[in-house]
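What follows is a set of notes on a single structure, which appears directly below.
The chain is numbered in sequence order, starting from 1.
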Amino acid sequence: MGELLLVRHGETEWSRSGRHTGWTDVPLTEHGREEARRLVPFIRSHRIGAAFVSPSQRARETAQLIGIDRGDARIDADLREWDYGGYEGVTTVEIQRTRPGWFLFTDGVAAGPPEHPGETPEEVGQRADRVLAKADAALCNIEGSVVLVAHGHFLRVLTARYLGLAPSDGALFQLATGTVGRLGTEHGRPVIAGWNLKPGGPA
């Protein structure tokens with residue numbers, strides 16, 4: 001059976017400055033586009049049977065740049081980034097000025113507007129579980145691997161859930177922009193087969 005290839009979108013102005021970017025539709029920087037283009041040989045070295053992509057433009061453009069045909073990609077709202085609620089656009093340093101020791105993966109976020117109230121780690125984990133179920137179903141019906149093009153914090157939670165860990169354990173898996181994580185199995189058990197992969201080696 002194929003692997004799950006987790007692609008974090010390329011750099012944006014907000015990711016570069018450390019601002020939490022959930023629903024804000026920030027485009028890639030030119031450096032972010034180049035990060036994505038550099039992944040093309042890696043993606044082409046795998047047989048891709050299905051691709052699921054976050055609806056955010058930074059993920060959709062990354063998918064296009066790495067060679068995922070728009071007609072083959074399934075846009076899936078469950079792949080969107082963590083809803084940061086009242087912390088949208090705010091950096092960790094700024095948050096910790098009023099909440100010393102605050103940590104996203106255990107403390108969650110402040111309430112936001114009604115349309116984006118924020119998510120708990122457990123709620124993000126529930127979305128990750130749904131994505132994993134869809135990816136598993138795809139792997140059972142195709143030859144090759146499944147690509148997920150999405151966001152840093154969400155993919156970290158998804159990795160934790162794939163390994164049978166709590167959503168908060170996504171904190172253990174830092175994932176840089178424009179890199180790939182490989183989730184596979186060894187002796188029938190889920191494993192991380194590669195992490196922060198990019199041309200020339202790990203990020």
Within 6.0 Å of CZ in R44, more than 12 heavy atoms from elsewhere: no
Minimum heavy-atom distance W14-G89, with the two atoms named: CZ3-CA, 3.5 Å
Reported CG-to-OG1 distance for the pair L139 and T185, which is rounded to 0.5 angstrom: 10.0 Å
Between CD on residue E3 and CD1 on residue I48, distance to nearest 0.5 Å: 9.5 Å
Point-to-point distance, once rounded to the nearest 0.5 Å, from CD of E11 to CZ of R33: 10.5 Å
Value rounded to 0.5 Å, distance of CG in L175 from CZ in R8: 6.5 Å
R60 vs I75 side-chain heavy atoms within contact, under 4.5 Å: yes
Side-chain donor/acceptor of T62 to backbone N/O of G10, under 3.5 Å: yes
Flag if over 12 foreign heavy atoms under 6.0 Å of CD, E143: no
Rounded distance (nearest 0.5 Å) linking atom CG of L197 with atom CZ of F42: 5.0 Å
For the student: nearest non-hydrogen atoms of P121 and P167, plus distance: O-CB, 3.3 Å
Within-4.5 Å side-chain heavy-atom neighbours: L6 and W195: yes
Taking every non-hydrogen atom, the tightest pair across T106 and S168: CG2-CB, 4.4 Å
same_hphob_cluster(L28, V53) at 4.5 Å side-chain heavy-atom cutoff: no
V109 and its side chain to side chain contact (heavy atoms under 4.5 Å, CB included) partner, picked from L104, D83, T120: L104
Nearest heavy atoms of H151 and L79, plus distance in Å: CD2-O, 3.3 Å
Distance, nearest 0.5 Å, that separates CD1 of I43 from CD1 of I66: 4.5 Å
Audit row: H116, Y84, ring-ring contact (aromatic ring centres under 6.0 Å, His included) steps and yes/no: CA-CA 8 Å; H116 293 291; Y84 298 118; over 10 Å; no
Salt bridge (charged side-chain N to carboxylate O under 4.0 Å, His left out) contacts in which one or both residues fall within residues 88-109, not counting sequence neighbours: none
Any donor-acceptor N/O pair, D72 side chain to I68 backbone, under 3.5 Å: no
Short N-O contact, E34 and R37, less than 4.0 angstrom: yes
Verdict with supporting geometry, L163 and F173, side-chain contact (heavy atoms from CB on, under 4.5 Å): CA-CA 12 Å; L163 296 173; F173 311 111; 3.7 Å; yes
Sidechain-backbone polar pair: W23 side chain, S56 backbone, donor-acceptor under 3.5 Å: no
Sidechain N-carboxylate O distance under 4.0 Å for R16, E13: yes
Trace of the side-chain contact (heavy atoms from CB on, under 4.5 Å) decision for F105 with H153: CA-CA 9 Å; F105 287 95; H153 283 146; 3.6 Å; yes
CA sep, side-chain torsions, deciding dist, call: E35, R38, salt bridge (charged side-chain N to carboxylate O under 4.0 Å, His left out): CA-CA 5 Å; E35 285 183 317; R38 289 175 182 168; over 6 Å; no
Proximity of W102 and H20 rings by center, below 6.0 Å: yes
Heavy-atom pair of closest approach, residues T21 and R19: OG1-O, 2.9 Å
Which donor-acceptor pairs under 3.5 Å do side chains of residues 127-134 form with protein atoms, sequence neighbours excluded?
residue: R127; atom: NE; partner: E119; partner atom: OE2; Å: 3.0
residue: R127; atom: NH1; partner: D78; partner atom: O; Å: 2.8
residue: R127; atom: NH1; partner: R80; partner atom: O; Å: 2.8
residue: R127; atom: NH2; partner: R80; partner atom: O; Å: 3.4
residue: R127; atom: NH2; partner: E81; partner atom: O; Å: 3.3
residue: R127; atom: NH2; partner: E119; partner atom: OE1; Å: 2.8
residue: D129; atom: OD1; partner: R161; partner atom: NE; Å: 2.9
residue: D129; atom: OD2; partner: R161; partner atom: NH2; Å: 3.4
residue: R130; atom: NE; partner: D78; partner atom: OD1; Å: 3.3
residue: R130; atom: NE; partner: D78; partner atom: OD2; Å: 3.1
residue: R130; atom: NH2; partner: D78; partner atom: OD1; Å: 2.7
residue: K134; atom: NZ; partner: D76; partner atom: OD1; Å: 3.2
residue: K134; atom: NZ; partner: D76; partner atom: OD2; Å: 2.8
residue: K134; atom: NZ; partner: D78; partner atom: OD2; Å: 2.9

CA sep, side-chain torsions, deciding dist, call: W82, Y87, ring-ring contact (aromatic ring centres under 6.0 Å, His included): CA-CA 11 Å; W82 199 312; Y87 290 156; over 10 Å; no
Where R58 and T24 come nearest, the two heavy atoms and their spacing: NH1-O, 3.1 Å
Close side-chain approach of V146 and F52, heavy atoms under 4.5 Å: yes
Residue pair S145, R47: steps toward the side-chain contact (heavy atoms from CB on, under 4.5 Å) verdict: CA-CA 6 Å; S145 297; R47 183 171 184 176; over 6 Å; no
Flag, side chain of Y162 to backbone of G184, donor-acceptor distance under 3.5 Å: yes
